[in-house]
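Notes for the one structure printed next.
In what follows, chains are A, B, ... by sequence order, proteins preceding strands, each numbered from 1.
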Number of protein chains: 2
Amino acid sequence: MLAELRRPERTFTIRQLCQEFKVTPRALRFYEDKGLLAPSRDGMNRVYSYKDRARLQLILRGKRVGLPLAEIREILELYGAEDGPVMQSAHSLKRFRHRIVEMEQQREDLDQAIIELKSACERIEKQLAEVRPDLLPRAEDYDQMLRARLDGHSYPLSAK
Amino acid sequence: MLAELRRPERTFTIRQLCQEFKVTPRALRFYEDKGLLAPSRDGMNRVYSYKDRARLQLILRGKRVGLPLAEIREILELYGAEDGPVMQSAHSLKRFRHRIVEMEQQREDLDQAIIELKSACERIEKQLAEVRPDLLPRAEDYDQMLRARLDGHSYPLSAK
DNA sequence: GCTTGCGTTGACGCTAACGTAAAGGGAATA
DNA sequence: TATTCCCTTTACGTTAGCGTCAACGCAAGC
């Protein structure tokens, strides 16, 4: 039955995850190489569980906020440390606290950058409206952006 | 008189800007190579004006929010386009609008990442308080972070 | 039996953003 | 005069994060 597809027992092929999150198989294998993912196997083939999928979501969000993969790995270990190697996580704790402060600073930078880029765009649009109104962007373009956001997973920063 | 140092006629050597913003001369020359800066010269030596300094601030903030240098250059051109090549900026306008949407998404990601990293840290600290209270971080560490923030310019994401 | 499709493991390539020497030019200081 | 700085340019090296083959395995369909 189709409901199976929603049940947490469900597994994913590499291709399925790639399509869902718009990444390449190469990227997933790379993350595995670097210790961020560890899917089980069916023979040679990778089998991704729901937990693997959740980890991948965290990885991609980490990337979107600018974290290097090495640090994302540590954070994932922090999550995964149910009760075992608390000592080792303790060692990283100070660094994580530091990172939090950095991220809060980054958020302020981001707000400021958004404000300024917006106002710069509006300035140009006004100038453009006076000189060449025909070149002004159509509302349809913004529709497309909004639809893209509702798809959930945003595009990477370096997207063309 | 010392007040000269605050006046907008003031100029800077490469070393002065580097110390102020914690970057290397190599980086400034690199930005110049890529067309993000264009200081004047005294003989062979670079002379940075207040406007150059302001551009550098924008560059560094752009970097902190994850923009590639090439795009920062375009944004700087957008700012600098007082009335001249509005046509050319018009061409980039759609891309900038798109970028703004991305940055707003990035902001949400950032908020979420901060929340989760905080709670993960607190979880570990609680476990640690039960088992090894001696390993808990000292308040002095947080003082240091706060002082660093009050210095103004935050450290790069990839700082050790 | 042969192609088609999805999977695998190397291995080499590539871009961005600098780091790091090498080699040298002025100016001030000892 | 020699050393010491600070500056310059040129050029090669480095790291992260994958992209892009190449060569192969296996299963299904014609």
Side-chain angles (χ1 to χ4, degrees), chain A residues 11-49 52 55-56 58-76 99 153-160, chain B residues 11-49 52 55-56 58-76 99 153-160:
Chain A
T11 60
F12 305 85
T13 74
I14 196 171
R15 190 68 51 157
Q16 287 170 332
L17 281 191
C18 287
Q19 287 175 357
E20 181 173 2
F21 295 105
K22 316 276 186 189
V23 293
T24 66
R26 177 68 175 100
L28 293 196
R29 297 190 191 110
F30 184 76
Y31 301 153
E32 187 174 344
D33 250 42
K34 298 293 173 178
L36 286 85
L37 284 174
S40 49
R41 300 288 183 131
D42 171 19
M44 288 257 78
N45 295 3
R46 273 161 259 253
V47 176
Y48 295 88
S49 69
D52 292 324
R55 284 176 78 92
L56 179 56
L58 285 175
I59 292 170
L60 296 180
R61 197 175 58 203
K63 285 199 49 180
R64 287 195 301 264
V65 306
L67 297 178
L69 292 185
E71 191 146 359
I72 297 178
R73 181 176 47 72
E74 291 185 285
I75 295 178
L76 288 174
R99 175 63 85 189
H153 332 293
S154 78
Y155 8 79
L157 270 179
S158 52
K160 296 267 162 178
Chain B
T11 61
F12 305 85
T13 74
I14 194 172
R15 190 68 48 155
Q16 286 171 334
L17 281 191
C18 287
Q19 286 175 356
E20 181 174 3
F21 295 104
K22 315 278 184 186
V23 293
T24 66
R26 177 70 176 100
L28 294 197
R29 297 190 191 109
F30 184 76
Y31 300 154
E32 187 174 345
D33 249 44
K34 296 295 172 179
L36 285 86
L37 284 174
S40 50
R41 299 288 181 129
D42 172 19
M44 288 258 78
N45 294 3
R46 271 161 257 252
V47 175
Y48 295 89
S49 69
D52 292 324
R55 284 176 79 92
L56 179 57
L58 285 176
I59 293 170
L60 296 180
R61 196 175 59 203
K63 285 201 48 182
R64 287 195 300 263
V65 307
L67 298 178
L69 291 185
E71 191 146 356
I72 296 178
R73 181 174 48 70
E74 292 186 283
I75 295 178
L76 288 175
R99 175 65 84 189
H153 333 292
S154 79
Y155 9 79
L157 269 178
S158 50
K160 297 264 163 179

Take the protein atom [atom1] of [X] and the nucleotide atom [atom2] of [N], then report the distance between them rounded to whole Å.
X      : N       : atom1 : atom2 : result
N45(B) : dG24(C) : CG    : C1'   : 13 Å
L17(B) : dC6(D)  : CG    : P     : 16 Å
L67(B) : dA17(C) : CG    : P     : 10 Å
E71(B) : dT15(C) : CD    : P     : 19 Å
I59(A) : dA16(D) : CD1   : P     : 17 Å
R41(A) : dG7(C)  : CZ    : C1'   : 10 Å
F30(B) : dG13(D) : CZ    : C1'   : 14 Å
L36(A) : dA16(D) : CG    : C1'   : 13 Å

Would K63(A) and I72(A) count as a side-chain contact (heavy atoms from CB on, under 4.5 Å) here? Give the steps. CA-CA 8 Å; K63(A) 285 199 49 180; I72(A) 297 178; 4.1 Å; yes

So does K63(B) get a side-chain nitrogen or oxygen closer than 4.0 Å to the phosphate oxygens (OP1/OP2) of dC18(C)? yes

Taking OP1 and OP2 of dC18(D), is either one under 4.0 Å from a side-chain nitrogen or oxygen of Y31(A)?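 Answer is yes, contact under 4.0 Å.
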
Counting side-chain heavy atoms from C-beta on, which of [options] comes nearest to [X]?
X      : options                  : answer
T24(B) : dG19(C), dG19(D), dT8(C) : dG19(C)
R15(A) : dT8(D), dG7(C), dC18(D)  : dG7(C)
R26(B) : dT8(D), dA11(C), dG19(C) : dG19(C)
T13(A) : dT8(D), dT8(C), dG7(C)   : dG7(C)
L69(A) : dT8(D), dC18(C), dC18(D) : dC18(D)
I14(B) : dT8(D), dA17(C), dT8(C)  : dT8(D)
A27(B) : dC18(C), dT8(D), dC18(D) : dC18(C)

Can you find a pair of side-chain heavy atoms, one from I14(A) and one from R29(A), that are under 4.5 Å apart? yes

Flag the pair R99(B) / L67(B) as yes when at least one side-chain heavy-atom distance between them is below 4.5 Å, and no otherwise.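 A side-chain contact under 4.5 Å exists here.
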
First locate atom CG of L60(B), then atom OH of Y31(B), and finally report the distance between them rounded to the nearest 0.5 Å.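 Nearest 0.5 Å value for the CG-OH distance: 6.0 Å.
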
Between atom CG of D52(A) and atom CG of L17(A), what is the distance when rounded to the nearest 0.5 Å?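 That separation rounds to 8.0 Å.
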
